[in-house]
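Side chains included, hydrogens not; waters and symmetry mates left out as well; all remaining heavy atoms used. A, B, ... follow the sequence lines: proteins, then strands. Residue 1 opens every chain.
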Amino acid sequence: MLNTKLRNQTCGHLRAEHVGQTVTLCGWVHALRNFGGAKFMVLRDRYGITQVTIGPESPEAARKIAEDLRDEWVVTVTGKVIARPDGQSNPDMATGEIEVITESLEVLNPSETPPFTPSQVDELPNEDMRLKYRYIDLRRQPMQDSLILRHRIIKAMRDYFDDQQFIEVETPILGRSTPEGARDYLVPSRVHAGEFYALPQSPQIYKQIMMVAGYDRYIQVARCFRDEDLRADRQPEFTQLDMEMSFVETDDVLGMIDGLMKHLAKTILGIDLQIPLPRMTYDEAMQRYGHDAPDLRFGMELIDCTDLAGKCEFRVFRAVADGGNFVRAINAKGVAGDFSRKRISQLETYVKEDFGAKGLAWMRVEEDGALGGPIAKNFSAELLEEFRVRLDATPGDLVLFIADSWEVSCKALNGLRKRLGAELELYDPQDMNFSWIVEFPMFDYDEEQDGWNAMHHPFTAPRDQDLAGLKDTPGEARAKAYDLVINGYEAGGGTIRIHDNEVQQMVFGLLGLDEATARDRFGFLLDALQFGAPPHGGIALGVDRVAMIFGGLDNIRDCIAFPKTQRAMDLMTGAPSPVDGVQLEELHIGLKEGEKEPESE
RNA sequence: GGCGCUGUAGCUCAAUUGGUUAGAGUACCGGACUGUCGAUCCGGUGGUUGCGGGUUCGAGUCCCGUCAGCGUCGCCA
């Protein structure tokens, strides 16, 4: 039912079967081809494009109007659908078998000359241009496709959860600031001088309270806000499919999301996904890939050579191994010939500058299978043989070593692995790989503050077997926490929550939150946990990221209608902006000297 | 906050590495044209080379600062 008072067809619909009908179309002028006596106009709306002809048989008035038409004017055409003449149909166009002969033509609204035209496919304007004129950019087919894909993903998610008896509940946008985690976006209160709301970083606490309230299956398509620096896959405001269930263990949550992913893969991509999705522990992921969200579309795993390094005379390796650090490597199979010393030194610069590695050692495998390269002379023949076996080194391989702390070796080798995987095309970009990373550490140690931080959030439950040792060896404790990883992106993450107040207090204690502070910040949750909290847990999926990955995009902005720049600006509206002094006064806010002055009237 | 890339006509890019009048495609304006689908052909307008400073006989090009966009590290689940 796309008919309106102004149109009775859309520009994507007409086929040979409609020949003979008289139709009225509305849309934007997508392209004009003018032959004097005959003119072709391609008309575009959300549904497609249709060729319209204005020829000698068209009324004088229509021909006159057609003289003045320009790209992106909004027009309406009424005319008869005809089969295109022999040899003139266009197989590249969905509506290419037909065209509409103009009987009347009306300009609904002319357009200024657009800064760029949506019909142009090969030359994309710079991104600041696209963001400033977002309404033009959004007319482009790829942008339409990705917003429609995003819509279909969200709808498929809602449908799936609806089938599973989940209900969607909206939680507040104006909430309470919690210093945990990311920086908050703050909203000043007019009524309460000097006090602020915070925009939610996620609906975490509300959804747990919904569980206490007995709504045992909750979802929400929730907008979240984090005032941190941006990346290609991060925006300051983003959308989560937030989910929480009661009376569950890890397997229940994972199983539910397995089903969702199977449903999404089928309905969105037409792929039959095998479930349950594979699971790997955090420790194994760090060991094998150096990252908690590894791209499993290709191998090139990290190989630990620390024990061998401890036996060699090469001072760099020896010192690292003796000092309790690590010598790990990746083997880039068969590419040694493509890597000049210059190219290798670019990789070295990369690991030094981006990850603080002290250097990059390398070996290449010669024709005869021997390990060569500048450092090889420091190793005995026997030891080289051990390396060769360990590294599965065959002629033509390039082996890259990082000798450093565990953390740096993880980061640098993960960086190299990702970079080489892409450069060497070790995987098909069309491939989709879904997996779970599970059993994250409960805490990580903060050197600066000399204390433990919650790796996920402070409501995460430890594994049952780690409960006893939680106090004494918090660094060993693993959590009932899980991340969904798709193609090397963290697509979502969640945990089973602590529903026991005693355990919760213990965790707060380990995090250095004394009772008074904990009460002050989370008192309402602690109260709630004492009024009959069921065992519960859940997950939040990054909707923008899922849309990006499913759409085969490499940045999140291309599946968001109105995204912000790296400096969190909206180039179309000019947000953020100074505000009137009166507004500030009402909010009890004064600006520091020298900072941006309010706009005067 | 650090590192890197980019910024030249409305748009996308070029300019022989410091050389004299900054070009091309497209868009735009005018004209021709009855079967195009990136239409074609003829003619034309259009530039404070992001901004500010410096070096130089001479700067789009080199240096410093600054603004903006992107990528990335830190940061962030």
Side-chain angles (χ1 to χ4, degrees), chain A residues 30-42 49-58 63 70-72 84-93 95-96 99 112-133 136 180-184 201-202 204 224-236 238 240 292-293 346 349-357 408 411-412 415 418-419 437 440 444 453-457 460 481-485 489-495 539-542 545 554-555 557 563-567 569 571:
Chain A
H30 189 65
L32 289 163
R33 294 182 281 273
N34 188 346
F35 286 80
K39 293 179 177 57
F40 300 94
M41 171 176 72
V42 180
I49 54 177
T50 295
Q51 176 161 285
V52 174
T53 63
I54 304 108
E57 67 283 356
S58 298
R63 281 183 287 149
R70 292 294 179 273
D71 284 352
E72 301 305 311
R84 292 201 192 176
D86 277 350
Q88 296 297 333
S89 62
N90 183 348
D92 297 330
M93 222 169 137
T95 59
E99 60 193 4
E112 294 286 311
T113 301
F116 57 93
T117 46
S119 55
Q120 184 115 26
V121 287
D122 42 0
E123 279 181 352
L124 207 52
N126 285 325
E127 191 148 2
D128 45 357
M129 194 58 60
R130 293 174 54 203
L131 292 170
K132 179 170 180 185
Y133 300 97
I136 310 267
E180 285 284 330
R183 267 187 289 272
D184 285 322
Q201 297 179 24
S202 78
Q204 181 61 38
C224 306
F225 307 85
R226 290 177 191 161
D227 186 5
E228 297 292 346
D229 287 345
L230 309 186
R231 288 288 186 283
D233 62 351
R234 288 187 345 214
Q235 280 278 301
F238 58 100
Q240 286 188 343
D292 61 3
Q346 285 169 352
T349 306
Y350 168 60
V351 294
K352 281 178 168 175
E353 288 184 351
D354 274 19
F355 307 108
V408 170
K411 284 180 178 172
K418 265 163 67 171
R419 179 168 165 163
I437 305 297
F440 281 70
D444 55 5
N453 278 331
M455 190 135 170
H456 196 94
H457 57 57
T460 301
Y482 31 80
D483 276 3
L484 177 69
V485 176
Y489 289 99
E490 179 199 324
T495 64
I539 192 168
L541 302 177
R545 282 187 189 170
D554 56 13
N555 91 64
R557 298 181 298 280
K564 296 196 168 44
T565 68
Q566 202 168 67
R567 299 199 56 229
M569 290 203 292
L571 295 183

**Q** Using the ring of A:Y350 (Phe, Tyr or Trp, six-membered ring only), decide whether A:R419 places NZ or CZ under 6.0 Å from its centre and within 45 degrees of its axis.
**A** yes
**Q** When the P atoms of B:C75 and B:U12 are compared, how many Å lie between them, rounded to an integer?
**A** 35 Å
**Q** Name the pairing partner of B:A24, where a pair is Watson-Crick or G-U wobble with both distances under 3.5 Å, or state none.
**A** B:U12
**Q** Using the P atom in both, what is the distance from B:U26 to B:C37, to the nearest Å?
**A** 14 Å
**Q** I'd like the P distance from B:A27 over to B:C51, given in whole Å.
**A** 27 Å
**Q** For A:P125 and A:Q120, find the nucleotide of RNA chain B closest to each by heavy atoms; which residue's nucleotide sits nearer the 5' end?
**A** A:P125
**Q** Any side-chain heavy-atom pair from A:F238 and A:F225 closer than 4.5 angstrom?
**A** no
**Q** Using the P atom in both, what is the distance from B:G65 to B:C57, to the nearest Å?
**A** 24 Å
**Q** Return the pairing partner of B:C70 with a 3.5 Å limit on both distances, Watson-Crick or G-U wobble; otherwise return none.
**A** B:G4
**Q** Please report the distance, rounded to the nearest Å, between CD1 in A:I136 and C1' in B:A27.
**A** 13 Å
**Q** In whole angstrom, give me the gap between the P atoms of B:C62 and B:U16.
**A** 11 Å
**Q** Heavy-atom distance under 4.5 Å between the side chains of A:S202 and A:Q240, does that happen here?
**A** yes
**Q** Sticking with atom P, work out how far B:A59 lies from B:U49, rounded to a whole angstrom.
**A** 12 Å
**Q** How would you label the glycosidic angle of B:U72: syn (within 90° of 0) or anti?
**A** anti
**Q** If I take atom CG in residue A:L571 and atom P in nucleotide B:G7, what distance separates them, rounded to the nearest angstrom?
**A** 18 Å
**Q** Summarise protein proximity over nucleotides 70-77 of chain B in one line of letters, 5' to 3': B for base, S for sugar-phosphate only, - for none, counting protein heavy atoms closer than 4.0 Å.
**A** BBBBBBBB
**Q** Could you check how far CE of A:M93 sits from P of B:G38, rounded to whole Å?
**A** 10 Å
**Q** Phosphate oxygens OP1/OP2 of B:U12: is one of them under 4.0 Å from a side-chain N or O of A:N126?
**A** yes
**Q** Separation of A:M129 atom CE from B:A9 atom C1', in whole Å?
**A** 12 Å
**Q** Under 3.5 Å for both donor-acceptor distances, Watson-Crick or wobble: does B:C41 have a partner, and if so which one?
**A** B:G31
**Q** Surrounding NZ of A:K564 (heavy atoms of other residues, nucleotides or ligands, distance under 6.0 Å), is the total greater than 12?
**A** yes
**Q** According to the Watson-Crick and G-U wobble definitions, with both distances under 3.5 Å, which nucleotide is paired to B:C76?
**A** none
**Q** For a side-chain contact (heavy atoms from CB on, under 4.5 Å) with A:Q51, tell me which candidate from A:H30, A:R84, A:M41, A:Q88 qualifies.
**A** A:R84
**Q** Name the nucleic acid region contacted by A:D122, choosing base, sugar-phosphate or nothing; use a 4.0 angstrom heavy-atom cut-off, strictly under.
**A** base
**Q** Between A:N90 (side chain only) and A:D92 (backbone N and O only), is there a donor and an acceptor less than 3.5 Å apart?
**A** yes
**Q** Starting at atom CE of A:M569, determine the distance to atom P of B:C67, rounded to an integer number of angstrom.
**A** 11 Å
**Q** A:F116 has an atom CZ; how far is it from atom C1' of B:U26, in whole Å?
**A** 15 Å
**Q** Tell me the interatomic distance from A:R130, atom CZ, to B:A68, atom C1', rounded to whole angstroms.
**A** 17 Å
**Q** Give none if B:G65 has no partner; otherwise give the nucleotide forming a Watson-Crick or G-U wobble pair with it, both distances under 3.5 Å.
**A** B:C51
**Q** Say you pick atom C1' in B:G69 and the same atom in B:C11; how far apart are they, in whole Å?
**A** 16 Å
**Q** For A:A491, does its backbone N or O pair with a side-chain atom of A:R545 as donor and acceptor, under 3.5 Å?
**A** no
**Q** Whole angstroms only, please: what is the CD1-P distance between A:I54 and B:U36?
**A** 16 Å
**Q** Taking the side chain from A:T565 and the backbone from A:R567, do they hold a donor-acceptor pair closer than 3.5 Å?
**A** yes
**Q** A:R33 side chain N/O closer than 4.0 Å to the phosphate oxygens (OP1, OP2) of B:A39?
**A** yes
**Q** Measuring only the C1' atom in each nucleotide, how far is B:U8 from B:A24? A whole number of Å is fine.
**A** 13 Å
**Q** Would you list the protein and nucleotides 31-35 of chain B atom pairs, both N or O, that sit under 3.5 Å from each other?
**A**
unit_1: B:C33; atom_1: N3; unit_2: A:N34; atom_2: O; d: 3.1
unit_1: B:C33; atom_1: N3; unit_2: A:G36; atom_2: N; d: 3.4
unit_1: B:U34; atom_1: OP2; unit_2: A:F35; atom_2: O; d: 3.1
unit_1: B:U34; atom_1: OP2; unit_2: A:G37; atom_2: N; d: 3.1
unit_1: B:G35; atom_1: O2'; unit_2: A:Q88; atom_2: OE1; d: 3.4
unit_1: B:G35; atom_1: O2'; unit_2: A:Q88; atom_2: NE2; d: 2.5
unit_1: B:G35; atom_1: N1; unit_2: A:E99; atom_2: OE2; d: 2.7
unit_1: B:G35; atom_1: N2; unit_2: A:E99; atom_2: OE1; d: 2.6
unit_1: B:G35; atom_1: N2; unit_2: A:E99; atom_2: OE2; d: 3.0

**Q** Where do A:R234 and A:Q566 land on the side chain to side chain donor-acceptor pair (under 3.5 Å) test, with the steps shown first?
**A** CA-CA 9 Å; A:R234 288 187 345 214; A:Q566 202 168 67; over 6 Å; no
**Q** Any donor and acceptor pair, going by atom type alone, linking the side chain of A:R226 with main-chain N or O of A:Q201 inside 3.5 Å?
**A** yes
**Q** Mind checking whether A:K39 and A:R33 have side chains closer than 4.5 Å, heavy atoms only?
**A** no
